[in-house]
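The next block holds one structure in the form of structure tokens; read it before the comments.
Whatever order the structure lists ligands and atoms in, that order sets their numbers, starting from 1.
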Amino acid sequence: MDSMISPSRQDTISALEHLDTRLLWLSSWMIHNANHLRPKRDGLKVGGHQASCSSITAIMAALYFHALRPQDKVAVKPHAGPVLHAIHYLLGNQTRERMERFRGLGGVQSYPSRTKDKIPVDFSTGSVGLGVAVTAFSSLVQDYLIAHGQLREEDAGRMIALMGDAELDEGNIYECLIEGYKHDLRNCWWIVDYNRQSLDATTADRMFRRFDDIFETCGWRVITLKYGKMQLAAFARPGGKALEEWIDSCANAEFAALTYQGGTAWRERLLADIGHKPNVKALLDSYDDAELARLMTNLGGHCVETLMDAFDAAQDDRPTLFIAYTVKGHGLPLAGHKDNHSGMMNPAQMEQFRLSLGIAEGNEWEPWGALGDNVTSELKAFVANSPIARTKAEAVAPAVPVPAIPAPEGAEQSTQAAFGRILLELAKSGEELADRIVTTAPDVTQTTNLGAFVNQRGLFRRQELADVFHKAKIPSAQKWAQHAAGQHIELGIAENNFFLMLASLGLAAPHFGTRLLPVGTVYDPFIARGLDALNYGCYSDSRFLLVGTPSGLTLAAEGGAHQSINTPLIGMGQPNLTYFEPAYADELAAMMAFAFDHMQQVDGGSVYLRLTTRAIPQVAREDDSWREDALKGGYWLRRPAEGADAAIVFTGVVATEALAAWEQLVDDIPGLGLLNVTSPDLLHRGWSERHAARWSAGSPAPCHAEALLAPLAPGAGLVTLIDGSPGALSWLGGVKGMRVSPLGTDRFGQTGDLPDLYRAYRLDSEAVIDAAAELFLGP
Ligand SMILES: Cc1ncc(C[n+]2csc(CCOP(=O)(O)OP(=O)(O)O)c2C)c(N)n1
Ligand SMILES: [Mg+2]
């Protein structure tokens, strides 16, 4: 039990109002300092969004210092980052030094960042829309953990998004709403800072009420906070009804413009429009110009009392959308101007603002500057006793042991089929790892070979759903029963949802202190559809195994729209994601064991496997010596002779063509090597890190690419071959100054069978032989 006596309602309101003002001041000052006071070295704009902060300070004061419980998690709209830091400054979690370095190296980040900021950030935000939708998926993850006995129901928190109204234009919001409804979403609040301004302009009036309809259709409760208490009091007075009707019918742009113009303009306009109605003039006359401006902008989202009551009244677990009406730039001279998104107070305006708050020069960073001893100590106590102050730091979840993963047997195998078999064997094993695997796919479970795992482990759903086909005894290879113990989360065909689901699952360890090992499959070309969400997950340092399959031109008959070309470059270019492309099933098994371990390492990350449905002859191994090098990015399938003049370098499924070409060429090019690059990504990273280390860490060791290429003669020739962008391998020539003839796909493919396509797009052994001839004999 809390020994503290709860503050009275009036004391709470008064404390929250003070905190609202502190947050407004500190966020404005942080941005002002970075733009106007801190010396500039590069002539570039620093930026920051005072207007975006100002419209949400009351909402954040009421949420953080009143409604939020220690187990709740919040995504803060990107441009309110400074408000979040100001909150943690008041809580004692943020330093003045870092706030002084807002948007500078090592300082407060522009947008809340889980990994780069030093304060607790539950969800990164930045790319609008994603930070909102991710809260719904995290709520689903929470339900999954409860159903699997990894989290107690009483520890369930609310997943909350504080969002800008323009985020409601992002398609990923609606994809997420639909998925949320299917999965019976709960414990989720989205609070819209409904300032009716985006970056460019004021937002469309026509959307009024439409959002309510859309969300209610998807099972949400919608609570609109349009008026503040001061407005409600005015509406209750004689003439007030007319004023309320006028506000309700006022267009967004008109309201914004009048807000910017201030009290005199409000009076003129109101008198002209409704001054003739009974009691209106007397009502307006009872406010001076400044009060009238305050009254007209006393919207629900600026009234801490209204916000507090609304939050207090929504204590069940229904997903709830709060539409909190606000003014962008509230309380600042920027208020209402349509261009205020990047607008900033000039030094004179900032000075005026400081004076209006009674903050002495030199005291700008004081957390409680100008409040007086009594108020300061009351506020300090209020903040210290707010539930958020009891939030614990994220725990480090215990690691799940990774067992040996044997390679599936078979003389001919595709990597995709091998993937399915490895998961099936894991599903049948009693390994703890298998219990922590959660699979997911955007409506491609069967075609990406997750089916066998799902048959074993079932689909996850909070409420049991029988498999109708199974019950009716209709033969089907796939069991589709859904229950709380299931381990596959089936998603509709929306790749953005898929990547956000993976991001949320992969954050289970830091968010909930217990590990999940998410495995998601997607058709390789459609990674592009969810690329920003993939990047979002990686930026948040979420940990998952992404399987892109089938991939490349090798998909053959399905044609150019389904054949992925540039995904190797995506895999190479994406930080926090290690890309592997196995040729053989035993490589895949090694990579999956690596992945499950890497996903749990402190300095680990996520892994991307690019697979294919083409079965190829497997190679006989003399020993396991290939394995270590394969996990570093490449190994010699046929070792070159010392001083050899050439090597064939390949990645993935075209191993067969590379091997055939090697067999034909080896007599003519003595000592010819055959290099299997299992991860262009790791090889390239190692190479660039080695160069960077030269400047930072003394004498760096040779990288793996250098070590691999060391036996070749200086100036040797390399023929590179990949079913994807040739750029994924052609850079290898730069490692030791070798000539390269790069083969790969650099045009959209078309339908056809493999011999035709490999011939037309130059992926067959003939192409390798021709390229080798060109290297040595000239064109
Ligand atoms: C995906 C994406 N597109 C564009 C932007 C650039 N951008 C930043 S804020 C913004 C509009 C924000 O408006 P709103 O969400 O209403 O926020 P507020 O008015 O509270 O600042 C845009 C377009 C972005 N951050 N992310
Ligand atoms: Mg807005």
Side-chain angles (χ1 to χ4, degrees), residues 23-24 27-28 31 45-60 63 74-84 103 109-113 123-135 161-176 190-205 207-208 211 225-226 252-253 255-256 259-260 297 299-302 321-332 334-344 495-496 499-500 503 528-537 539-540:
L23 298 180
L24 180 62
S27 55
S28 300
I31 297 166
K45 163 187 133 172
V46 178
H49 302 82
Q50 290 173 332
S52 302
C53 288
S54 70
S55 64
I56 204 167
T57 50
I59 295 173
M60 288 180 72
L63 181 73
V74 192
V76 177
K77 70 168 187 174
H79 302 80
V83 184
L84 180 65
R103 296 191 168 207
Q109 298 296 296
S110 321
Y111 309 120
S113 169
F123 298 98
S124 299
T125 54
S127 177
V128 303
L130 299 182
V132 179
V134 78
T135 58
L162 290 167
M163 60 193 284
D165 54 333
E167 300 198 70
L168 289 164
D169 284 330
E170 286 286 2
N172 84 283
I173 294 286
Y174 302 96
E175 294 183 348
C176 156
W190 289 357
I191 305 168
V192 188
D193 173 356
Y194 199 53
N195 60 28
R196 291 148 294 146
Q197 282 186 251
S198 60
L199 191 158
D200 281 339
T202 41
T203 52
D205 295 296
M207 286 315 292
F208 178 65
F211 293 123
L225 308 176
K226 187 159 186 187
N252 289 341
F255 192 93
T259 299
Y260 181 70
T297 55
L299 302 178
H302 295 306
L321 180 77
F322 296 92
I323 303 182
Y325 275 69
T326 56
V327 167
K328 193 156 173 169
H330 184 66
L332 307 178
L334 313 166
H337 198 293
K338 75 176 176 55
D339 304 335
N340 67 10
H341 183 76
S342 308
M344 224 171 267
E495 285 73 14
N496 248 299
F499 282 110
L500 288 178
R529 178 72 82 99
L531 204 49
D532 198 24
L534 168 63
N535 181 57
Y536 175 82
Y539 181 68
S540 302

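A distance-only check finds a donor-acceptor pair linking the side chain of Asp165 to the backbone of Arg196 [under 3.5 Å]. Counting only distance, with no hydrogens or angles, the side chain of Glu167 and the backbone of Val128 share no donor-acceptor pair below 3.5 Å. In this structure, His302 contributes its side chain and Val327 its backbone to a donor-acceptor pair below 3.5 Å. Between the side chain of Asn340 and the backbone N or O of Lys328 there is at least one donor-acceptor pair closer than 3.5 Å. No donor-acceptor pair closer than 3.5 Å links the side chain of His49 to the backbone N or O of Ala51. For Tyr111 (side chain) and Val76 (main-chain N/O), no donor-acceptor pair under 3.5 Å exists by modelled atom type.
Below the 2.8 Å limit, the Mg ion (ligand 2) has as protein N, O or S neighbours Asp165 OD1, Asn195 OD1, Gln197 O.
In this structure, CG in Asn496 is found 10.5 Å from CG in Leu534, a value given to the nearest 0.5 Å. Rounding to the nearest 0.5 angstrom, the gap separating the OH atom in Tyr536 from the CG atom in Leu531 is 15.5 Å.
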Contact table, ligand 1 N/O with protein N/O, distance under 3.5 Å:
from     : atom 1 : to     : atom 2 : distance (Å)
ligand 1 : 15 (O) : Ala166 : N      : 3.3
ligand 1 : 16 (O) : Asp165 : N      : 3.3
ligand 1 : 16 (O) : Asp165 : OD1    : 2.6
ligand 1 : 16 (O) : Ala166 : N      : 2.9
ligand 1 : 16 (O) : Gln197 : O      : 2.9
ligand 1 : 19 (O) : Asn195 : OD1    : 3.2
ligand 1 : 19 (O) : Asn195 : ND2    : 3.0
ligand 1 : 19 (O) : Gln197 : O      : 2.9
ligand 1 : 19 (O) : Lys328 : NZ     : 2.7
ligand 1 : 20 (O) : Lys77  : NZ     : 2.5
ligand 1 : 20 (O) : Asn195 : ND2    : 3.2
ligand 1 : 21 (O) : Ser52  : OG     : 2.6
ligand 1 : 21 (O) : Lys328 : NZ     : 3.0
ligand 1 : 25 (N) : Gly126 : O      : 3.0
ligand 1 : 26 (N) : Val128 : N      : 3.1

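Side-chain atoms of Tyr539 and Ser113 form a donor-acceptor pair, as typed in the model, at a separation below 3.5 Å.
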